[in-house]
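Scroll down for the structure; my scribbles are underneath it.
Whatever order the structure lists ligands and atoms in, that order sets their numbers, starting from 1. Every value quoted in this text rests on a predicted model; they were computed, and no experiment measured them.
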Amino acid sequence: MISEKMVKEINDQIQRELFSEYLYLQMAAYFKGENLDGFAHWIEVQAREEHTHAMKFFNHLYERGAKVVLQPIQQPKNDFKSPLDTFKYAYEHELTVTKNINNLMELAKKENDYASESFLKWYVDEQVEEEDSFLKIVSLLEKIKDSSNALFMLNNELGKRE
Ligand code: OFO
């Protein structure tokens, strides 16, 4: 039986995953406005992934006989100054999400909720991947500095994300 506390925390996490989707869509809008369509595509794909993260939690609650209660989604930041500024912000955001997932895992362990623990392992691994992909782009953008040629090359690469 899943505890009320775990249900509440997972409902909060659904909100946070949907907020991630919203934030990344706002970033895609920034890149579109800058005519950096490859960056916009990459982050749009990420936004879609966040939606699937939310839906996995959504379905988990129903599989456990619990109820989803959706919450308001706050307005994301929308005054990005540069691709580097944007990706640094996204990376920091992912670090916060990792903490949230780790907190959920701690709760599952504390409550001997083996089903949630097993389910959450996927998110623990996913966060390793997400931190890594954002950090790689931050590091490339730091190397690129003001080279518009290198920026357009990276833009092309990011446009290939499936
Ligand atoms: Fe859902 O992993 Fe990013 O936020």
- With sequence neighbours excluded, what pairs up with Phe58 under the ring-ring contact (aromatic ring centres under 6.0 Å, His included) test? Tyr62
- Task: For residues Trp122 and His60, establish whether the separation of their ring centroids is below 6.0 Å.
- Result: no
- What about the rings of Phe39 and Tyr30, do their centers lie closer together than 6.0 Å? no
- What residues form a side chain to side chain donor-acceptor pair (under 3.5 Å) with Arg161, not counting sequence neighbours?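 Listed in chain order: Gln46, Glu49.
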- Query: Do the ring planes of Phe119 and Phe57 sit parallel (below 30°), tilted (30 to 60°) or perpendicular (above 60°)?
  - Reply: perpendicular
- Sort by chain and number the protein N/O/S atoms found under 2.8 Å from atom 3 (Fe) of ligand 1.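 Listed by chain and number, the nearby protein N, O or S atoms are Glu50 OE2, Glu94 OE1, Glu94 OE2, Glu130 OE1.
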- Task: Could you pull out all residues at least two apart from Asp37 that satisfy salt bridge (charged side-chain N to carboxylate O under 4.0 Å, His left out)?
- Result: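 Testing Asp37 for salt bridge (charged side-chain N to carboxylate O under 4.0 Å, His left out), a comparison that skips the adjacent residues, returns none.
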